[in-house]
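Structure record follows, encoded as structure tokens.
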Amino acid sequence: VQLQASGGGLVQAGGSLRLSCAASGRTFGSIVMGWFRQAPGKEREFVSAISASGGSTYDADSAKGRFTSSRDNTKNTVFLQMNSLRPDDTATYYCAAGYIITDIDTAYKYWGQGTQVTVSS
């Protein structure tokens with residue numbers, strides 16, 4: 001599985017962005033997709049995950065109420081809608097593919113290259 005994240009950019013605090021992650025391969029509909037982020041000087045942290053069917057999501061506390069994962073299995077794409085963005089959301093955001101819904105990054109087998117999100121105050 002190859003992953004390509006996109007949609008990052010510069011946005012003012014309170015604004016919104018929608019990240020996309022396009023996946024290759026025929027097994028997209030059977031894999032869990034996750035979103036992680038890493039800010040400079042900080043460890044990578046879990047943001048959100050979505051089940052293979054899209055019926056279940058699991059969000060970090062920092063994302064609850066603001067970020068929403070969704071997916072379109074007909075287009076092999078997963079999305080992260082981010083609303084009410086804050087400066088501390090600034091990070092490189094990565095999509096990842098695995099087989100269980102978890103916040104543990106080592107459980108994800110495939111990773112995209114990352115897309116930068118910068119939130120100005």
Side-chain angles (χ1 to χ4, degrees):
V1 177
Q2 292 185 323
L3 305 174
Q4 179 77 33
S6 62
L10 174 64
V11 64
Q12 289 187 331
S16 299
L17 280 174
R18 188 193 197 201
L19 306 184
S20 299
C21 177
S24 65
R26 300 179 181 179
T27 61
F28 181 76
S30 63
I31 58 176
V32 169
M33 295 297 297
W35 289 96
F36 289 79
R37 67 186 183 185
Q38 187 167 21
K42 294 186 177 181
E43 293 186 354
R44 184 165 58 192
E45 66 172 347
F46 170 74
V47 176
S48 181
I50 186 167
S51 64
S53 68
S56 298
T57 59
Y58 172 41
D59 301 318
D61 287 343
S62 61
K64 288 178 181 177
R66 301 188 303 128
F67 296 180
T68 303
S69 289
S70 62
R71 64 193 294 162
D72 184 345
N73 286 350
T74 67
K75 297 181 179 179
N76 281 18
T77 304
V78 64
F79 306 97
L80 182 68
Q81 178 66 44
M82 304 188 296
N83 300 325
S84 301
L85 284 161
R86 309 183 302 224
D88 62 359
D89 293 318
T90 295
T92 301
Y93 283 70
Y94 299 89
C95 56
Y99 299 101
I100 58 172
I101 295 183
T102 178
D103 57 3
I104 301 173
D105 58 357
T106 54
Y108 291 85
K109 186 174 182 180
Y110 306 99
W111 290 81
Q113 87 290 359
T115 184
Q116 178 67 37
V117 172
T118 302
V119 184
S120 63
S121 57

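Values below: all heavy atoms of this structure, side chains included; hydrogens, waters and symmetry mates excluded.
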Quiz item: Quick one: does Tyr99's side chain get under 4.5 Å of Val32's, heavy atoms only?
Solution: no

Quiz item: Side chains of Val47 and Met82: does their closest heavy-atom pair fall under 4.5 Å?
Solution: no

Quiz prompt | Residues that Asp72 engages under salt bridge (Lys or Arg N to Asp or Glu O under 4.0 Å), provided they are two or more places apart | solution = none

Quick one: side-chain hydrogen bond (donor to acceptor under 3.5 Å, both in side chains) partners of [X], sequence neighbours excluded?
| X | result |
| --- | --- |
| Thr92 | Gln116 |
| Gln113 | none |
| Ser6 | none |

Using the side-chain contact (heavy atoms from CB on, under 4.5 Å) criterion, which residues pair with [X]? Sequence neighbours excluded.
| X | value |
| --- | --- |
| Lys64 | Asp59, Asp61 |
| Gln38 | Arg44, Tyr94 |
| Thr102 | Ile100, Ile104, Ala107, Tyr108 |

Flag yes if [X] and [Y] sit in one hydrophobic cluster, no otherwise; membership is Ile, Leu, Val, Met, Phe, Trp, Tyr, and two members link when side-chain heavy atoms are under 4.5 Å apart.
| X | Y | value |
| --- | --- | --- |
| Leu3 | Leu19 | yes |
| Val11 | Leu80 | yes |
| Ile50 | Phe79 | no |

Quiz item: Hey, mind stepping through Ile31 and Tyr110 against side-chain contact (heavy atoms from CB on, under 4.5 Å) and telling me if it holds?
Solution: CA-CA 10 Å; Ile31 58 176; Tyr110 306 99; 5.9 Å; no

Quick check: closest heavy atoms across [X] and [Y], and the distance to 0.1 Å?
| X | Y | result |
| --- | --- | --- |
| Thr90 | Ala39 | O-CB, 3.6 Å |
| Arg37 | Ala91 | CB-CB, 3.8 Å |
| Asn73 | Ala52 | ND2-O, 2.9 Å |
| Gly55 | Ser51 | N-OG, 3.2 Å |
| Trp111 | Asp105 | CZ2-O, 3.4 Å |
| Ser48 | Ser69 | OG-OG, 2.5 Å |

Practice problem: Answer yes or no: is there a donor N or O on one side and an acceptor on the other, between the side chain of Ser24 and the main chain of Gln2, under 3.5 Å? | Solution: yes

Practice problem: Report yes or no: does Arg71 contribute a side-chain atom to a donor-acceptor pair with the main-chain N or O of Gly54 at less than 3.5 Å? | Solution: no

Quiz item: Hydrophobic cluster mates of Leu10, side-chain heavy atoms under 4.5 angstrom, ILVMFWY only, any path?
Solution: none

Practice problem: With rounding to the nearest 0.5 Å, note down the distance linking CG in Leu85 to OG in Ser120. | Solution: 10.0 Å

Quiz item: Which pairs, with at least one residue in residues 27-36 and sequence neighbours excluded, count as a side chain to side chain donor-acceptor pair (under 3.5 Å)?
Solution: none

Practice problem: Would you list the pairs meeting side chain to side chain donor-acceptor pair (under 3.5 Å) in which at least one residue belongs to residues 12-23, sequence neighbours left out? | Solution: Ser16-Asn83

Self-check item: All pairs passing disulfide bond (SG atoms under 2.5 Å apart) where residues 21-102 contributes a residue, at least two apart
Solution: Cys21-Cys95

Self-check item: Any residue meeting ring pair (Phe, Tyr, Trp, His ring centres under 6.0 Å) with Tyr58, in chain and number order, not counting sequence neighbours
Solution: Phe46

